[in-house]
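What follows is one structure encoded as structure tokens, with my remarks underneath.
First the proteins, then the strands, lettered A, B, ... as listed; each starts at 1.
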Number of protein chains: 2
Amino acid sequence: MTTINSEQKLTKKGKETRSRIVAAAAGLMFERGVAGTSVEDVQKEAKVSSSQLYHYFKEKRELVQAVILFQTEQVLGAQEPLLSHLDSMEALQTWRDAIIQLQVDREYQGGCPIGSLASELADMEPAARTALAAGFLQWEQAISQGLRAMHARGEMRADADPDRLALALLTALQGGLLMTQVRKDICALEAVLDAMLEHIRSYLV
Amino acid sequence: MTTINSEQKLTKKGKETRSRIVAAAAGLMFERGVAGTSVEDVQKEAKVSSSQLYHYFKEKRELVQAVILFQTEQVLGAQEPLLSHLDSMEALQTWRDAIIQLQVDREYQGGCPIGSLASELADMEPAARTALAAGFLQWEQAISQGLRAMHARGEMRADADPDRLALALLTALQGGLLMTQVRKDICALEAVLDAMLEHIRSYLV
């Protein structure tokens, strides 16, 4: 966790510069992929010198790790306050609607910023894979928290497994975001999220 | 459809060489991504000269289109004869088991060869996106055919929508394959496929 430690030691100005580099890298990698983004591209986009960039990130690999953490924060943050309170069918429906609206607003571009990095890096960069799995786990646990609350309040049948339902829902969402990007329509995402919400509803008492 | 036309005009030996190039390119692109695979890499892997490669594919873009068609054939072909007969819960369950077993055998590497190309190319290469969407549609229709048969035989409730269920199931599968690759375990794929099959089962009469 070199990156986190070095971040903590930075001055306010240093943190701002580092953040600007990470945001620039995240934007470029989201558009063109990691392989399609050079350190020089990031340097130009962030308007920093190569020695400045090197001061914060000794190699592209470190920058990629920072981008994964950044995108996890962005993606999960963008779903708040909904994501932390998915403890009713109404809340799940509102969250579903918001995710779908976001894809429509984006004209079906980009897919999931975490999912796209995952598809590119999971088999090639062990450290990136670990960070991406951690990001997905954080997301899954946020969903799970809401479903567990429903279960604990006795609103779900005792035989329901909130953790497994949460994992299935996040997984379905990932498929939906990928298919949206390929199809350039919302049908697949709607179909899979509606099927999953109906499945969850089937466990209500 | 330049590629298809030129393929038709080839001699037997020409077709073999072309196939060898496409298979080599597909293998490399599956491992390293499209951006991580140069035409020179393909040339070496397929053991052809650069002029031979150029004879079949004038640019990398054409090679990528051929790889998409190749992977669609491979992925759908590997699911046969199951995929063409998904017209019972038993058949769906057998198909689910086979897909899961394949990921276990592969040690959770690679994800879906079509899905990985899709994630990388969908927003960058319009022609690739179209070919990938067509590949997914072919897959979706194969699933749909089975569910429609169940519906037509009156085994599913009249209000079931076999086409939407098929789309949701393929979408869920895509999410599951991506999550398998990131997590290096089978839990997410199992959870999402089981949820979807249970959802389909809820429509049985």
| field | Test log, rule side-chain contact (heavy atoms from CB on, under 4.5 Å), inputs A/I200 and B/H199 | value | CA-CA 9 Å; A/I200 292 171; B/H199 180 62; over 6 Å; no
| said: Please check if the number of heavy atoms outside A/R61 that lie under 6.0 Å from its CZ is greater than 12. | reply: no
| message | Only pairs of heavy atoms separated by less than 4.5 Å count here; which of B/A195, B/A133, B/G176, B/A118 has the most with chain A? | response | B/A195
| request: May I ask you to check whether over 12 heavy atoms, not counting those of A/R148, lie within 6.0 Å of atom CZ? | output: no
| Contact winner vs chain B - A/C187, A/S116, A/A191, A/A128, heavy-atom pairs under 4.5 Å | A/A191
| Within a radius of less than 6.0 Å around NZ of A/K47, do more than 12 heavy atoms belonging to other residues, nucleotides or ligands occur? | no
| request: Determine the option with the most heavy-atom pairs under 4.5 angstrom with chain A, choosing from B/A172, B/A35, B/S202, B/A188. | output: B/A188
| field | Over 12 foreign heavy atoms within 6.0 Å of CD, B/E73 | value | no
| task | Between chain B and each of A/E120, A/E31, A/K184, count heavy-atom pairs under 4.5 Å; write down the option with the most. | result | A/K184
| said: Taking CD in A/E80 as the centre, count heavy atoms belonging to other residues, nucleotides or ligands within less than 6.0 Å. Is the count above 12? | reply: yes
| query | What part of B/F30 lies closer than 4.5 angstrom to a heavy atom of chain A: side chain, backbone, both or neither? | reply | neither
| task | Find the one option among A/T171, A/D194, A/V34, A/L165 whose heavy-atom pairs under 4.5 Å with chain B are most numerous. | result | A/T171
| request: Pick out which of A/L177, A/L178, A/L117 makes a side chain to side chain contact (heavy atoms under 4.5 Å, CB included) with B/S119. | output: A/L178
| Ignoring hydrogens and geometry, is there a side-chain-to-backbone donor-acceptor pair from B/D123 to A/G110 under 3.5 Å? | yes
| What residue in A/Q109, A/M124, A/R32, A/M196 has the most heavy-atom pairs under 4.5 Å with chain B? | A/Q109
| Enclosure of B/K44 NZ (heavy-atom neighbours >12, cutoff 6.0 Å) | no
| Atom group of B/C112 that falls short of 4.5 Å from chain A, counting heavy atoms | neither
| request: Show your working on side-chain contact (heavy atoms from CB on, under 4.5 Å) between A/F136 and B/M179 and close with a plain yes or no. | output: CA-CA 9 Å; A/F136 278 130; B/M179 291 292 271; 3.9 Å; yes
| So does A/E59 have more than 12 non-hydrogen atoms from other groups sitting under 6.0 Å from CD? | yes
| Where does B/L170 contact chain A at under 4.5 Å (heavy atoms): side chain, backbone, both or neither? | side chain
| message | I'd like to verify something: which residue of B/R129, B/E140, B/E190 has the highest number of heavy-atom pairs under 4.5 Å with chain A? | response | B/R129
| request: Might you work through the side-chain contact (heavy atoms from CB on, under 4.5 Å) test for B/R183 and A/L132, ending with a clear yes or no? | output: CA-CA 9 Å; B/R183 295 169 53 105; A/L132 288 159; over 6 Å; no
